[in-house]
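Residues take their numbers from the sequence shown, with the count starting at 1.
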Amino acid sequence: MRQKSSKTQDRPAWDAGAAAHLLSRATFGGTSEEAARLAATPMERAVDSLLSDAGPARTPARPAWVTDPWVNTERRFADTTREQAAESHRATRRRYASELNDLRAWSLRQMIAAPVPLREVMTLFWHGHFATAAGKVNLSQAMFQQDETLRRLALGDFRSLVREVTLSPAMMMYLDLEGSDKAKPNENYARELYELFTVGIGRYTERDVKETARALTGWTLDGPPGAARTRATAADTPRDFARDGLIATFVPERHDDGVKTIFGETGRFGLDDVVELILRQEATGRFLAAKLIDYFGAIDPDEALRGRMAEAFAASKGEIREMLRVLFTAPEFYAEAARGSLIKSPVRLLVGACRQLALDVEPTPTLAQLTAAMGQELFNPPNVKGWPGGRSWIGAGTLAVRYHLPTALIDGKEPAGLEPLGFNRFLALPRDATQGPAMMARLQGAMAERSAARHKEGLKCRFRPELVFPKGAPNDPAALVDALLARLIVTQVRPSTRPALIAACEATPAADRPAVVAGLILASPEYQMA
């Protein structure tokens, strides 16, 4: 049956179940106690508190390896020998791989420990929306800086977010904006800016793309202003080895200052003009609303919620927070069909379990590898479209890892078989056939080295029942099962689930029961959904 339009829908019921649903989507999942406390406050006030708390959220400390200014340790000069270049390249790539491992663990740490998880939930959303990937960028500090930008602006002004993401080093490298100049404008970023980031397919023309590419010329990455360059760069040096810094720098002589026509408007447009033109398009608000509705799993068959969110976007001149306010108070968000309908992404699944069970956990690269094995490697989406989500999260291989997640989180034991069989090398084999085996041996050695680095710290997870049950876990198996189901599951469980859990609990020594029941629930189909 078709749902009523939003104008005639009843105000959504606000109770502990609705509050638990909100927490499951907006905060990686809450406990039954947190849901009860939230439900004691009127809905609008509860949503306001979530949004206002996320505003002044503390900026996390940077990883120790982030430097300011960044120094290119594989920089090549006219007098750099071939041997020196090869050694600095190998050493730098090893360091970048180690730093990216650390960055993934650092990111999980923010999500697990954040006192204001909505900002982290939105940072993860933008990470998949403005997708860049370490597989191409392969520069740890650039990936960190974009994450820092997304977190800072996650709930704020979309205008600022678009501008800063455009000039983030990771995006400039990933979509080739760094080398775009008036002699040869690169259209990669201009096309994705419209198709995937702002207005969507069918809302722009090929001419808009070409003219926007011209408008965005002249930007490059450079060192700090005034930095001395005492050594010359060898001719035809690839950009990775000639880059002096990660500071977005405008070079007027490389910019096409001619007249351009974009979205039917004409002028000598540059970056700021393009951003303003995007904000003027009605399609921008509707496109973002659709992405947020899909990400948070609301049901919007007649697109009425999408329209209201787009109106809030326009009225607030591009504030993401106001779109979320409409979404989190909408009947479509709390509809019965919306609850328990969202397949948790690997990151949501892992982070939610850590938070809901109050696990004693120190995120490590090994822990981050679990999300990669489930199909969501942080800082490395599969392509510019980000992670597809939905049913794509569930496959023969990824489902097996999901079922083994309790072994990792509760028992602290890494499931076997999670390592990739190989990695993209993007290198052509030498023409000299005698050199091929040596190159393959080096690649296999690098893969083994990367694997060892990911597993060096192992899993540092511990389930402590006293943190979940400060007054002691219930002795009665049924009471223990009910308490953990209420804490972890936001939907109705299948008729067979509760009896099976009680039977498993009864067959387990009393001291081990909380861990066994919690582990079985984490592996259940019900826990895979939010």
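- Counting all heavy atoms, side chain and backbone alike, G297 lies closest to L342 at CA-CD1, 4.0 Å.
- Here I320 contributes atom CD1 and L288 contributes atom CG; the two are 5.5 Å apart, rounded to the nearest 0.5 Å.
- In this structure, M171 and Y189 approach most closely via the heavy-atom pair CG-CE1, 3.5 Å.
- With respect to the salt-bridge test (charged N to carboxylate O, under 4.0 angstrom), the residues D157 and R159 qualify.
- Shortest non-hydrogen contact noted between D240 and E74 is O-CG, 4.3 Å.
- Checking side-chain atoms of T149 against main-chain N and O of Q145 turns up a donor-acceptor pair under 3.5 Å.
- Checked by atom type and distance alone, the side chain of E120 never pairs as donor or acceptor with a backbone atom of V116 at under 3.5 Å.
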Candidate pair T59 and R152, rule side chain to side chain donor-acceptor pair (under 3.5 Å), full reasoning: CA-CA 8 Å; T59 301; R152 176 167 50 84; over 6 Å; no
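- Using a 4.0 Å cut-off between charged side-chain N and carboxylate O, R191 and E195 make no salt bridge.
- A donor-acceptor pair is defined here as one N or O able to donate and one able to accept, closer than 3.5 Å; no such pair exists between the side chain of K413 and the backbone of L409.
- Proximity of a side-chain donor or acceptor of D181 to a complementary backbone N or O of R254 within less than 3.5 Å is not detected.
- Side-chain atoms of D411 never come within 3.5 Å of backbone atoms of A408 as a donor-acceptor pair (strictly under, hydrogens ignored).
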Chi angles and distances behind the side-chain contact (heavy atoms from CB on, under 4.5 Å) call for I112, F28: CA-CA 9 Å; I112 292 169; F28 297 112; over 6 Å; no
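- E211 and R214 are joined by a salt bridge, as a carboxylate oxygen and a charged side-chain nitrogen come within less than 4.0 angstrom of each other.
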Derivation of the side-chain contact (heavy atoms from CB on, under 4.5 Å) call for L405 and M374: CA-CA 10 Å; L405 190 62; M374 290 187 285; 4.2 Å; yes
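- A distance-only check finds a donor-acceptor pair linking the side chain of R268 to the backbone of D257 [under 3.5 Å].
- Within the 4.5 Å cutoff, side-chain heavy atoms of V165 are placed close to those of Q146.
- Taking the six-membered ring for Trp, W387 and H129 have ring centres at least 6.0 Å apart.
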Worked check of side-chain contact (heavy atoms from CB on, under 4.5 Å) between E148 and R62: CA-CA 9 Å; E148 192 174 50; R62 290 179 158 194; 2.8 Å; yes
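- In this structure, CG on L177 lies 8.5 Å from CG on L221, to the nearest 0.5 angstrom.
- When all heavy atoms are compared, the tightest approach of F144 to V66 is CD2-CG2, 3.7 Å.
- In this structure, the side chains of R243 and L246 come closer than 4.5 Å at one or more pairs of heavy atoms.
- Considering L193, T198, I278, V199 in turn, V199 is the only one that fulfils the side chain to side chain contact (heavy atoms under 4.5 Å, CB included) rule with Y204.
- Electrostatic pairing of K385 and E192 does not count as a salt bridge here, judged by no charged N lying under 4.0 Å from a carboxylate O.
- The CG atom of D244 lies 4.0 Å from the CZ atom of R75; values are rounded to the nearest 0.5 Å.
- Annotation: side chain to side chain donor-acceptor pair (under 3.5 Å) contacts involving residues 347-357, sequence neighbours excluded, comprise Q356-Y527.
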Residue pair R109, E362: steps toward the salt bridge (charged side-chain N to carboxylate O under 4.0 Å, His left out) verdict: CA-CA 7 Å; R109 185 177 302 115; E362 173 56 32; 2.7 Å; yes
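- Annotation: the span from L292 atom CG to F313 atom CZ amounts to 10.0 Å, rounded to 0.5 Å.
- With N101 contributing its side chain and S98 its backbone, the two residues share no donor-acceptor pair below 3.5 Å.
- The side-chain tip of K136 points at the ring of Y174 from less than 6.0 angstrom away and within 45° of straight on.
- With sequence neighbours excluded, no residue forms a ring-ring contact (aromatic ring centres under 6.0 Å, His included) with H404.
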Residues K344, M529; criterion side-chain contact (heavy atoms from CB on, under 4.5 Å); working and verdict: CA-CA 6 Å; K344 293 178 181 176; M529 310 295 291; 6.0 Å; no
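- Between A190 and V209, the shortest heavy-atom contact is CB-O, 3.6 Å.
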Side chain to side chain donor-acceptor pair (under 3.5 Å) assessment of T220 paired with T249: CA-CA 5 Å; T220 189; T249 304; over 6 Å; no
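- The closest donor-acceptor contact from the side chain of T371 to the backbone of Q376 lies under 3.5 Å.
- By the 4.5 Å heavy-atom criterion applied to side chains, I343 and Q528 are not counted as neighbours.
- Panel note: side chain T92, backbone H89; no donor-acceptor pair is recorded below 3.5 Å.
- Side chains of L124 and V347 form a contact here, defined as non-hydrogen atoms less than 4.5 Å apart.
- Counting only heavy atoms from C-beta outward, the side chains of T67 and W65 never approach each other to under 4.5 Å.
- One distance of note links CZ of F287 with CZ of R203; it measures 11.0 Å at 0.5 Å rounding.
- Distance CZ/R95 to OG/S140: 6.5 Å, rounded to 0.5 Å.
- Looking only at side-chain heavy atoms (C-beta outward), Q369 and R104 stay at 4.5 Å or farther from each other.
- Aromatic ring pairs are classed by plane angle as parallel below 30°, tilted from 30° to 60° and perpendicular above 60°; the pair F328 and F296 is perpendicular.
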For residues 78-88, which side-chain N or O atoms pair as donor and acceptor with protein atoms under 3.5 Å away, sequence neighbours left out?
from	atom 1	to	atom 2	distance (Å)
D79	OD1	R231	NH2	2.6
D79	OD2	R231	NH2	3.3
T80	OG1	F77	N	2.8
T80	OG1	F77	O	3.4
T81	OG1	Q84	N	3.0
T81	OG1	Q84	OE1	3.3
Q84	OE1	T81	N	3.0
E87	OE1	R90	NH2	3.4
S88	OG	Q84	O	3.2
S88	OG	A85	O	3.1

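- Using a 4.5 Å heavy-atom threshold, the side chains of V361 and K460 count as separate.
- Nearest approach of L370 to P415, heavy atoms of both residues: CD2-CD, 4.2 Å.
- Using a 4.5 Å cut-off on side-chain heavy atoms (C-beta onward), M309 and L327 make contact.
- Side-chain atoms of T284 never come within 3.5 Å of backbone atoms of L279 as a donor-acceptor pair (strictly under, hydrogens ignored).
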